[in-house]
Number of protein chains: 2
Amino acid sequence: MVQEERNIAAEVLKAMAHPIRLGVIEVLADGERTVTELYEELGCSQSMMSQQLKILCQQKLVAIRKEGTQKYCSLCNRDFLKLFDCMHLHLRTFLNFKD
Amino acid sequence: MVQEERNIAAEVLKAMAHPIRLGVIEVLADGERTVTELYEELGCSQSMMSQQLKILCQQKLVAIRKEGTQKYCSLCNRDFLKLFDCMHLHLRTFLNFKD
DNA sequence: CTCAGATATTATTATATTTTTATATTCAGC
DNA sequence: GCTGAATATAAAAATATAATAATATCTGAG
């Protein structure tokens, strides 16, 4: 990776590096969700969710399609779901997390 | 993942989400390096590198062993190297990055 | 003990992120 | 055109991160 790629990659990672945004990715792994469903499922405010979704969309981690008055969110790139496996391992092997 | 795990996972990701810290991980993928080697190879100041390494160590991404007056850095968890593959794909498929 | 090389810490300033609250926009249905 | 549900934006305050410069610590060699 060259310098410029690392800058962008850092931006993408930063977009994931937040509890709510990680939660969004995890929930969307299961399938499309409405904005309302997301903030209810993750227990945060509507405004909060809207702002976090914007960040995820900017990095093309989440895509949104409109349908009437609602918006449906889904993952752009399921490849990053591998990250949850690495993370699971990391939490248990390197940080002392029990099940 | 439960709430608390997401908080920790976000911390770990945040530790990776920085150009220099990503650079460190990438360089260390190739093998152990001295702190001096790292900051020369990545073109940043000694102080900068020391601070970034601290962050990587706190999240158990990098391990350090002492040998005389030098410190040798290496990766704790090579599993996260998969991330670079995902990222490579993401940069090219979703953000318009050419080779 | 002192020196020099290697690394760490501290302080500071600038900038960015997080979170909340309030307000605005959009759109389907009436 | 008005209403209400769904979503977005703006503003603000608190907190965190980034980057640099200056100084400190540690350790092996002599």
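All values below come from the heavy atoms of this structure, side chains included, with hydrogens, waters and symmetry mates left out. Letters A, B, ... are given to chains in the order of the sequence lines, protein chains preceding strands, and every chain is numbered from 1.
- For the pair A:I55 CD1 and C:dA16 P, the computed distance is 14 Å after rounding to whole Å.
- Distance, A:Q70 CD to D:dA5 P: 13 Å, rounded to whole Å.
- In this structure, B:L13 places its CG atom 17 Å from C1' of D:dA16, rounding to the nearest Å.
- The side chain of B:K54 places no N or O atom within less than 4.0 Å of a non-bridging phosphate oxygen (OP1 or OP2) of C:dA8.
- Distance CG/A:L42 to CD/B:Q3: 8.5 Å, rounded to 0.5 Å.
- Judged by distance alone, with hydrogens and angles left aside, the side-chain atoms of A:R33 form no donor-acceptor pair with the main-chain N or O of A:L38 at under 3.5 Å.
- The closest side-chain heavy-atom distance from A:Q52 to A:V24 is not below 4.5 Å.
- Take the nearest nucleotide of DNA chain C for A:G68 and for A:R21: the residue whose nucleotide is more 5' is A:R21.
- Residue B:K71 places at least one side-chain N or O closer than 4.0 Å to OP1 or OP2 of C:dA8.
- Here C:dA16 presents its C1' atom at 12 Å from NZ of B:K14, a figure rounded to the nearest Å.
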In 5'-to-3' order, the base (B), backbone-only (S) or no-contact (-) status of each nucleotide in nucleotides 19-26 of chain D, using a 4.0 angstrom heavy-atom cut-off, is SBBB---S
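- In this entry the distance linking CG of B:L38 with P of C:dA6 reads 14 Å, nearest Å.
- Regarding B:Q58, its CD atom lies at a distance of 13 Å from the C1' atom of C:dT9, rounded to whole Å.
- When rounded to the nearest whole Å, the span between CG of B:L56 and C1' of D:dA18 equals 15 Å.
- Residues B:T93 and A:D79 are not in side-chain contact: their nearest non-hydrogen atoms beyond the backbone lie 4.5 Å or more apart.
- The closest side-chain heavy-atom distance from A:L95 to A:H90 is below 4.5 Å.
- Every residue two or more places apart in sequence or in another chain that forms a side chain to side chain contact (heavy atoms under 4.5 Å, CB included) with A:E26 is listed here: A:F84, B:M1, B:R6.
- Here C:dT9 presents its C1' atom at 17 Å from CE of B:M49, a figure rounded to the nearest Å.
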